[in-house]
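Down below is the structure, laid out as C-alpha cells.
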Amino acid sequence: MDLPIRRLLRPRDPEEAVELLARYPGALPVAGGTDLVVQLRSGKVSAETLVDLGGVGLEGIAEGAEGLVIGAATTMDAIAADGRIRAGWPALAQAASQVGAWPIQCRATLGGNLANASPAADTAPPLLIANAQLRLLSSRGTRLVPLAEFFLGPGRSVRTPEEIILSVTLPPRTVPAHATLYERFTKVGPRREQIISVVSLAARLVVAGDGSVGEVALAVGAVAPTPRRARRAEAVLAGRRLTGPVRRDAIAALQEELAPIDDVRAPAWYRRVAAAVLLDRFLAEVAGG
Ligand SMILES: Cc1cc2nc3c(=O)[nH]c(=O)nc-3n(C[C@H](O)[C@H](O)[C@H](O)COP(=O)(O)OP(=O)(O)OC[C@H]3O[C@@H](n4cnc5c(N)ncnc54)[C@H](O)[C@@H]3O)c2cc1C
C-alpha cells in the first residue's frame, strides 16, 4: 500500500528542518520511520508532508562539558554498541539492544522513541534514572527540557509540532570509591523479541561499603500514562540495607504508586505483578540472594 504522502522534504540542517515544519502546518518529522510509517499506513496518523531528519547531522555521540550528548537521530544499534554508554549508562545500552530485533535497531532512533511519547518507550526509563535532558529546536531557538517533564500522557509531550528533538544529554555521574554500582534494564512482554513492553524497569543502586544504599533511582514503563520515576519505592530504599523487610516494603511501595491500565497486551493486574517481580529480582541480585 502506498503511503498517503504528497511531499517528502530533505533539509540539510536542523534549522532548515524546523523552518519547513513551521512553513507546512501539519508536516511531521521522520527519522527511522519504524513508528511513523506503521502509523501512516494504519491511518492512525495522517500527514501530507514529511520532513526527513536523516540528512541534518543529528547522528552521533559526543562528550561535552555538560555530559554525554546523544544526537536525536542516533540509532539504537549505535547506542547499544557505544563503549561509554555501556560503561556509564548500562541500562540505556541494554534497553537499546532490546528495541525490536536488530534490523529495527539499525533504523530506530532515540529521538523517534521519545517523540512518540509512548508509555512503553524502552529508552525512557533508563534515561529517567540518568536525569537526562532533551534539547529541543524550533524556529524560535532552542530550549532544554528535563525528560522527567517531557511526557504529558500517552502520545503527548511538551514538544510543539514545530519543534524537533536535537539531542539527549546524560549528566556525568560517578560512583564513590568502595561503593558498588548495580544498574539494569529489564522488560516483560508476550515473547522474547520484537515486543512492545508490557512492563519495563530501569534500576540503579549504588551500594556503599557498609551495605547501605547510597544512591537509588528506579523508573518504570508501560504501567502509567507516561514512563515515570518510582519515587516512593526509591524513598523506601534510600540509606537502608537490603534486608528482606526493606525489599518487601519497596515492592509494596512500587505497587501502590503504579497506575496501569488494561489493554490488548495485558490486564492491569498482570502489569502490577510483573513490575513487582522485576524489582524483586533486581533487589535479590543486588542483595546476593
Ligand atoms: C517491529 C517493531 C518492533 C518494535 N519494538 C519496539 C520495542 O521493543 N521497544 C520500543 O520502545 N519501541 C519499539 N518499536 C517502536 C519504534 O521502533 C521505536 O519507537 C523507534 O525508536 C522510533 O524511532 P524512529 O526513528 O523509527 O521514529 P520515526 O518512526 O521516524 O518517528 C516516530 C515519531 O517521532 C517523531 N520524530 C522522530 N524523530 C524526531 C525528532 N528528532 N524530533 C521530533 N520528533 C521526531 C516522528 O514525527 C514520529 O511522530 C518497534 C517498532 C516496530 C516496527
Side-chain angles (χ1 to χ4, degrees), residues 3 5 8-9 11 13-14 17-18 20-22 24 26-42 44-47 49-60 70-80 91-92 94-127 134-138 142-143 145 147 150-151 154-168 185-200 202 221-222 227 265:
L3 289 178
I5 298 296
L8 176 62
L9 304 174
D13 53 48
V18 293
L20 292 170
L21 288 174
Y24 294 97
L28 292 176
V30 60
T34 60
D35 268 320
L36 190 58
V37 171
V38 175
Q39 292 165 355
L40 287 166
R41 284 220 163 105
S42 68
K44 191 175 159 202
V45 164
S46 62
T49 305
L50 296 187
V51 176
D52 184 4
L53 300 181
V56 303
L58 294 182
E59 304 82 14
I70 308 174
T74 307
T75 62
M76 299 297 163
D77 181 56
I79 290 168
L92 177 60
Q94 291 159 15
S97 72
Q98 293 178 51
V99 169
W102 185 66
I104 291 285
Q105 289 158 24
C106 293
R107 288 205 61 84
T109 67
L110 187 61
N113 197 236
L114 299 174
N116 248 339
S118 161
D122 279 337
T123 63
L127 291 173
L134 305 192
R135 186 172 293 279
L136 304 179
L137 174 75
S138 74
T142 61
R143 63 176 175 139
V145 178
L147 184 65
F150 180 72
F151 302 114
R156 294 191 304 119
S157 72
V158 299
R159 184 181 72 84
T160 65
E162 301 85 38
E163 275 180 314
I164 60 170
I165 302 172
L166 280 184
S167 59
V168 178
F185 171 82
T186 41
K187 72 180 190 180
V188 171
R191 53 178 196 273
R192 272 183 84 84
E193 279 193 341
Q194 295 275 35
I195 49 142
I196 304 297
S197 296
V198 159
V199 177
S200 62
R265 284 193 284 275

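Read the numbers this way: they start at 1 and go in the same order the structure lists the ligands and their atoms. Because the structure is predicted, anything quoted here is derived from the model rather than measured.
From Asp122, atom CG reaches atom CZ of Phe185 across 4.0 Å, with rounding to the nearest 0.5 Å. To the nearest 0.5 Å, atom CD1 of residue Ile5 and atom CG of residue Leu36 are 7.0 Å apart. How far CG of Leu9 is from CG of Leu21: 9.0 Å, rounded to the nearest 0.5 Å.
By the criterion of a heavy-atom distance under 4.0 Å, the side chain of Lys187, and not its backbone, is placed next to ligand 1. Under 4.0 Å from ligand 1, the heavy atoms of Ile104 that appear belong solely to its side chain. Under 4.0 angstrom from ligand 1, the non-hydrogen atoms of Met76 all belong to its side chain.
Residue contacts with ligand 1: Val37 is placed with no nitrogen or oxygen under 3.5 Å of a nitrogen or oxygen of the ligand (distance criterion only). Any N or O atom pair closer than 3.5 Å counts here, and Thr123 shares no such pair with ligand 1. Between Ala31 and ligand 1, a contact under 3.5 Å exists for at least one N or O pair.
In terms of heavy atoms, Ala124 sits closest to Leu147 at O-CD2, 3.8 Å.
Residues passing the salt bridge (charged side-chain N to carboxylate O under 4.0 Å, His left out) test with Arg156: none are found, sequence neighbours excluded. Listed by chain and residue number, Thr75, Trp102, Gln105, Cys106 satisfy the side chain to side chain contact (heavy atoms under 4.5 Å, CB included) test with Asp77 (two or more places apart in sequence, or in another chain).
Remark: ligand 1 atoms within the under-4.0 Å shell around heavy atoms of Ala115 are 34 (O), 35 (C), 36 (N), 43 (C), 44 (N), 45 (C). The atoms of ligand 1 that sit less than 4.0 Å from any heavy atom of Val30 are 30 (O).
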